[in-house]
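First the structure, in the form of structure tokens, and then the observations on it.
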There are 2 protein chains.
Amino acid sequence: MAHAKLADLQCPIALPAALLGERWTLLLLRQVFLGTRRFEDFQHSMDISRSVLTDRLAELVDEGILRRVAYKDVRTRYEYRLTDKGRDLYPVMMALRDWGSRWMAPEDGASFDLHHHDCGGDVRAKVECADCGAELTARDVRVTHRPAVRLR
Amino acid sequence: MAHAKLADLQCPIALPAALLGERWTLLLLRQVFLGTRRFEDFQHSMDISRSVLTDRLAELVDEGILRRVAYKDVRTRYEYRLTDKGRDLYPVMMALRDWGSRWMAPEDGASFDLHHHDCGGDVRAKVECADCGAELTARDVRVTHRPAVRLR
DNA sequence: TAGCTGGGTCTGTTTTCCGAACGCAAGAGT
DNA sequence: ACTCTTGCGTTCGGAAAACAGACCCAGCTA
């Protein structure tokens, strides 16, 4: 994983944060969500070094976020596709995109648009209350710590 | 920023991904959202090296995500607080948390609960259509590339 | 038979991260 | 008057990643 034990913290934010907070991992996932699947394509679209790419792909595979699927080119090769677990990262990517558009909009305006397939509407990430449905910000939320069940 | 030019890609996902995808940055933000504000507290709660912590804090400050606010202890010190831009990362953190709870739940059950301050309901991140309000997954979304306005 | 292709691996160099030690300024304790 | 403590850094040499680029392999195609 990394030099240190980023993820010793048993916490549902810290665990994914340690995984996704590795250099290239988020970028790699962005590519995946945009449809990239093959080694060569990742390498060109991101200009990442081959050895690191090999590493990151392997990591995502054994985290169960990507899976290798055989395909036949000239001989058998593998492509990398999202598992359910991986696909479920969609809200994270969308939240990232919303924030990026609002606060770090690329200077040259290059981007892509996302629309609801059915109605054509814009796509956005939001935080809401599962009960009353209200849209929430950090200020509307109360945090309660739930102590660990001692295991060791 | 990093060895390479992760963020050459002018893209509203790639830009934030390059920033947040640095070691410790996401963890640091998690702490901030949980209320940590001071150097010493970050250092202990995350077990990060002091030099890297200094770095990351400075980076977040000049990205405009955190700001230094003076306080008086024994002499004047600074704490690190979220700006509006920073606070607006809340959906990203919540999306991360949702995913973490679902797919990487800590073994010992340690965690924290989040509830809507007003009604006590659970908090969740979701992706929806801004027009029709439907909840969306990657499959419901169409991607359209919008080419760059040539600048150079 | 030589060359191309996709997907890696290997190697030596550059960056970054690390822990530990040090600096420093103003109280507080003695 | 002195040492101690606190909070927040900075500075070091060594360890771990990331880097670019060369190399490899197998089966096709020219």
Side-chain angles (χ1 to χ4, degrees), chain A residues 1-9 14 17-29 31-32 35-63 66-81, chain B residues 1-9 14 17-29 31-32 35-63 66-81:
Chain A
M1 166 126 317
H3 303 240
K5 49 284 128 173
L6 301 190
D8 278 0
L9 311 138
L19 175 64
L20 302 182
E22 261 185 306
R23 208 193 294 298
W24 295 112
T25 304
L26 276 170
L27 267 308
L28 199 46
L29 286 170
Q31 280 310 122
V32 176
T36 305
R37 294 186 173 156
R38 299 183 183 183
F39 192 94
E40 236 26 40
D41 296 336
F42 286 119
Q43 219 257 308
H44 293 128
S45 62
M46 309 197 309
D47 198 31
I48 184 179
S49 83
R50 304 175 78 78
S51 43
V52 176
L53 179 55
T54 303
D55 256 43
R56 288 297 172 275
L57 287 172
E59 249 175 55
L60 289 174
V61 167
D62 59 48
E63 284 293 336
L66 298 180
R67 74 201 144 97
R68 281 156 55 90
V69 178
Y71 75 97
K72 184 89 179 154
D73 164 35
V74 57
R75 70 188 142 150
T76 302
R77 301 280 181 197
Y78 294 90
E79 23 177 58
Y80 297 86
R81 287 159 168 273
Chain B
M1 166 124 322
H3 302 240
K5 48 284 131 172
L6 300 190
D8 278 3
L9 312 138
L19 175 64
L20 302 182
E22 260 185 305
R23 206 191 295 297
W24 296 111
T25 304
L26 276 171
L27 268 308
L28 198 46
L29 286 170
Q31 281 309 121
V32 175
T36 304
R37 294 186 171 156
R38 300 185 183 180
F39 191 95
E40 238 20 44
D41 296 336
F42 287 118
Q43 220 257 307
H44 294 128
S45 62
M46 312 198 304
D47 199 32
I48 184 181
S49 81
R50 307 174 79 77
S51 42
V52 176
L53 178 55
T54 302
D55 255 44
R56 288 297 173 275
L57 287 172
E59 249 174 56
L60 290 173
V61 167
D62 61 48
E63 284 293 335
L66 298 180
R67 77 202 141 96
R68 281 155 52 90
V69 177
Y71 74 96
K72 183 89 178 156
D73 161 37
V74 56
R75 71 187 141 150
T76 301
R77 299 278 180 199
Y78 294 90
E79 23 179 58
Y80 297 85
R81 288 159 166 273

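Every chain is numbered from 1 and lettered A, B, ... according to where its sequence line falls, protein lines coming before strand lines.
Judged by distance alone, with hydrogens and angles left aside, A:R50 brings a side-chain donor or acceptor within reach of the base of C:dG7, the pair sitting under 3.5 Å.
Where A:R75 and A:D55 meet DNA chain D, the nucleotide closest to each residue was compared, and A:D55 sits on the side nearer the 5' end. Toward the 5' end of DNA chain C, the nearer of the two residues B:R77 and A:E79, judged by each one's closest nucleotide, is A:E79.
Rounded to whole Å, the distance from CG on A:L53 to P on C:dC10 is 16 Å. Residue B:L66 contributes atom CG, which lies 16 Å from atom C1' of D:dC8 at whole-angstrom precision. Look at CD1 on B:I48: it is 10 Å from C1' on C:dC17, rounded to the nearest Å. Counting to the nearest Å, the P atom of D:dG9 and the CZ atom of B:R56 are 16 Å from each other. In this structure, the CZ atom of A:R38 is 12 Å from the P atom of C:dG8, given to the nearest Å. Between the NZ atom of A:K72 and the P atom of D:dA26 there is a distance of 14 Å, given to the nearest Å. In this structure, CZ of A:F39 is placed 17 Å from P of C:dT5, rounded to the nearest angstrom. Spacing between atom CG of B:L57 and atom P of D:dC8 amounts to 10 Å, rounded to whole angstrom units.
Contact annotation: B:Y80 side-chain N/O to D:dG9 OP1/OP2 distance is under 4.0 Å. Within the structure, every side-chain polar atom (N or O) of B:R37 is placed at least 4.0 Å from both OP1 and OP2 of D:dC8.
Of the candidate nucleotides C:dG7, C:dC18, D:dT10, C:dG7 has the atom lying nearest to any side-chain atom of A:E40. Considering only side-chain atoms of A:S51, the nucleotide from D:dA20, D:dG27, D:dG9 that sits closest is D:dA20. Side chain of B:S49, nearest nucleotide from D:dG9, C:dC18, D:dA18: C:dC18. Taking every side-chain heavy atom of B:W24 into account, C:dC18 is the closest of C:dG8, C:dC18, D:dT10.
The two atoms that bring A:A14 and B:L27 nearest to each other are CB-CD1, 3.7 Å, heavy atoms only.
In terms of modelled atom types and a separation under 3.5 Å, the side chain of B:Q43 and the main chain of B:I48 share a donor-acceptor contact.
With contacts defined as side-chain heavy-atom distances shorter than 4.5 Å, the pair A:F39/A:T54 qualifies. In this structure, the side chains of A:V32 and A:Y80 stay at 4.5 Å or more apart for every pair of heavy atoms.
Both tests pass for A:R38 against the ring of A:Y71: distance under 6.0 Å to the centre and angle within 45° of the axis.
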